[in-house]
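Notes to accompany the following structure.
Every chain is numbered from 1, with letters handed out A, B, ... down the list of sequences.
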Amino acid sequence: MTAKSEYRSQIHQLQKDLMLQWYERLDEAARTGSPPTVAMMISGNCVELLEGFGAVPLYPEVNALQLAIRHQSLEPILAAEELGYAADNCAYVKADIGCMLKGITPTGGKLPVPTLVLCNFVGCNTYIKWFEHVAELQGAPLYMLDVPFFRTEHPRREDIDYVVRQLQETVTKLEELIGRRFDYDRFREAVRCSAEVEELWSRIKRLAQKTPSPFDAYFDAITLMGPLYVHRGTPAGVEFFRVALQEMEDKVARGEGLYDQEKFRVVMEGPPPYPYFRTFRDMFAKWKACAVASTYSTVGGLWEFGFRHDPDHPFEAVALHMLAHNVTNRNYLQRYEQIRRYVEEWHAHGVIIHFVKSCRLFSAGQGDMRDYFTRTLGIPTLYLESDLEDPRYFAEAQTRNRIDAFFEALEHAQTTGVSISMEKRRASGALKVIS
Amino acid sequence: MQCAESERTFDKYAEIAQDLSLAEVRRWKSEHPGAKAIGYFPVYAPMEIIQACGMLPVGLNGAGDRLDIQYADARFGSFICSIVKTTLEMAMTGHLEPLDGLLFSTICDSARNLCYVLKRNFPHMYLDFLHLPHNPGSPAAVEFLRGEYARLQQQLEELGGCSATPEGLRHAIALYNQNRALLRQLYALRAAAPHLLRTWELYTLMRAGNFVPVETHNQWLREALEELPARTGKPRDSIRVVIEGSFCEQPPLDLIKLMEEAGCYVVDDDFILGRRWFTEDVPLDGEPLTALAESYLNRAVYSSVRHDFRNPRHKALVEKTRRLNGQAVILLIAKFCEPAYFDYVLFKRELEAAGIPHLLLEFEEKAFTFERLRSEVETFVESLLFD
Ligand code: SF4
Ligand code: SF4
């Protein structure tokens, strides 16, 4: 029997309400032309800037994942392939473009043609192509916000200035398109809300350091990520995360974990296989394995190591967030280091590397990552392959067998007392790449 | 046609272009004791800055079918293009040993991660990642890129214990301006008389330049330009095609030859595009790093890895094809090359709207049999010749 792994409570209802409100506003925009909307990527998003116009973000990634979770992604993917997209293009893009071609939306409501397609390029080159195509196929105006890749030890002054100047250009462009002046005070207020949300979210994430962890920082974190990206800059967002933290703290106080008895703690690397989300989750639940940390939950922002938006310097804060404080724009070795810290500070037994065919940003080089964790650090690692959007790439039996074998081995090691010495890990492989 | 000797010359270039031991680089280093060689992964790198630091810029183009992959598959796995794996394999088998550093830039996610995988496995090698802007329309971009080039220059100076002067930079720019101008002339010559200069010849001549000093390469290009008009080839029954999509991983030489044998006159291509990056000379007046930066933003060829939404590349492809009297476009794409896959969609749409026939072909640099591709090209050519 599969262990119960899901926690349902007030925040789930609140989350649903918040996301529905968001879709309703998009639907309103599509029907009436107001409020203004801005298409943007989740990774390193600058949602605070939009608040300065009362504009609503339109995240194609959220639409794509909703679709996949509901097992509806194949039809739009095939439609996009008919237009010429390759079998090996990122399926997020194909699902989104396919939906556009076929008029499919996650709620059945309407989605607007965005007032501006804002390509907030952080890290993933596919974003640029994706938004170029969205703008071209919809005839919408495009602004390319070029964020330098995080290639130095610390963010450089030149990089920050470059991004700040482009954020200001974005403001000017939006003023022209919307016909309204940018409300700087509201922007600053949004940055302040973000800082509060980030603090609450980080505290939630740090609760997973407890044994047992009160929630799953991969599967459950995804529930919280919607409000995190859509409502981060608003009082409603702050309220949501207050309630969420309270609920989690109450669970910790009661000594309640995800399972009646948590057996394994793992760190997850890579996006989830949304078309088989439930099935995949159950494969871990069977072993009472809880993800105590994940890199995927940091695509939109990496806050658990201390970064907060600074309301006294709102443009710079947004720029810094885009440049250095989201996993997407950080270099590959910084990601290794992030995972290594998770293993140590969140007390994990192993790392699950999920290779996703669509996403080279995440997956290209994960064999080397595995080599680093297993050979250099001696941390048990499991490598799985599937896709985050395309249901054709999920080998259920094989995936289950590999997961079972991994936990069997871990169990064996635990019962025979063979475990990995943290000191050995610390002594060996720390990479000097994180800032 | 006094072909024999001239063809032998091109065979020599083909050998240099595909030589995995980097013998030319080794030779240069032995002639210049203590001097450094800096490799760059495609597509473009500011070679002038490397040159001005007294170093040899070396363009890498993968290993083709000359190297068995033993280590790289385990690191990069499935769904990743070949050049990423062959480059890693070259490093892991000691083939990049003559290089003192390696540069990468913002072309795609796979190459970007490769830079950092190399960094972990070769901690003592100088590896750098250049952010080449994707927003050339922003007034902030010139200053940013100038700063990025200054950062590179400083890193190289530290590595080499040298300093690049503005005069040195200007001299390097002048040399590369000549190099690009000579290549433009050769390309123009081939477009005007494709029966006199075959594509595999032009290609290997150009690619051999990746491994020798620019002065030497300029000399080779001049010699070719002098000799070619004396050739007396006979025009064949061929269609005039533009090749697009091979800007990074390179198609095998035999595949390039095959296209011509199957009835294509190639009137333009994007092979080794970094060597032909600018459409006109980089200005010699003014501050040199600014001139290089400003040229990248405003004077560069269109490319699948350089984003400039002021000038959509799908429109540029149609315009170029018409200007060169191209009859068709062959989209020759490396397997798993995501930028090329994406661009195919808009290229296709635009070509269809313009009524220009096109053919999509996928290749891998490590492939060595091409029967299926041959028959696809032949069928395509026939359909156009007898239309
Ligand atoms: S490649 Fe990865 S990060 Fe980029 S759009 Fe696709 S799924 Fe997202
Ligand atoms: S061939 Fe394409 S995918 Fe591969 S490294 Fe080059 S640009 Fe990237």
Exercise. Within the distance-only criterion (no hydrogens, no angle test), does the side chain of A:Asp88 pair as donor or acceptor with the backbone N or O of B:Phe336 below 3.5 angstrom?
Worked result: no
For this session: Any chance you could lay out the side-chain contact (heavy atoms from CB on, under 4.5 Å) test for B:Ser304 and A:Lys129, step after step, and finish with the verdict?
Result: CA-CA 9 Å; B:Ser304 290; A:Lys129 302 290 185 193; 4.2 Å; yes
For this session: Under 4.5 Å heavy-atom distance to chain A, tell me which part of B:Ala141 shows up: side chain, backbone, both or neither.
Result: both
Problem set entry | Residue selection (most heavy-atom pairs with chain A, distance under 4.5 Å) from B:Phe144, B:Phe129, B:Phe76 | B:Phe144
Exercise. Measuring heavy-atom distances to chain A, does B:Pro339 have an atom under 4.5 Å in its side chain, in its backbone, in both, or in neither?
Worked result: both
Problem set entry | chain B contact via A:Arg156 - side chain, backbone, both or neither, heavy atoms under 4.5 Å | side chain
For this session: Report yes if the side chains of A:Tyr143 and B:Phe309 come closer than 4.5 Å at any heavy-atom pair, otherwise no.
Result: no
For this session: Report yes or no: does B:Asn135 contribute a side-chain atom to a donor-acceptor pair with the main-chain N or O of A:Met144 at less than 3.5 Å?
Result: yes
Exercise. For A:Phe149, is the NZ or CZ atom of B:Arg112 found under 6.0 angstrom from the centre of its six-membered ring and inside 45 degrees of the ring axis?
Worked result: yes
Exercise. Under the 3.5 angstrom rule, does the side chain of B:Arg349 hit a backbone N or O of A:Gly84 as a donor-acceptor pair?
Worked result: no
Exercise. Between A:Asp371 and B:Arg120, is there a side-chain N and carboxylate O pair less than 4.0 Å apart?
Worked result: yes
For this session: Quick one: closest heavy-atom pair of B:Pro139 and A:Glu169, and the distance?
Result: CD-OE2, 3.2 Å
Problem set entry | Choice from B:Gly147, B:Pro133, B:Gly77 maximising heavy atom contacts with chain A below 4.5 Å | B:Pro133
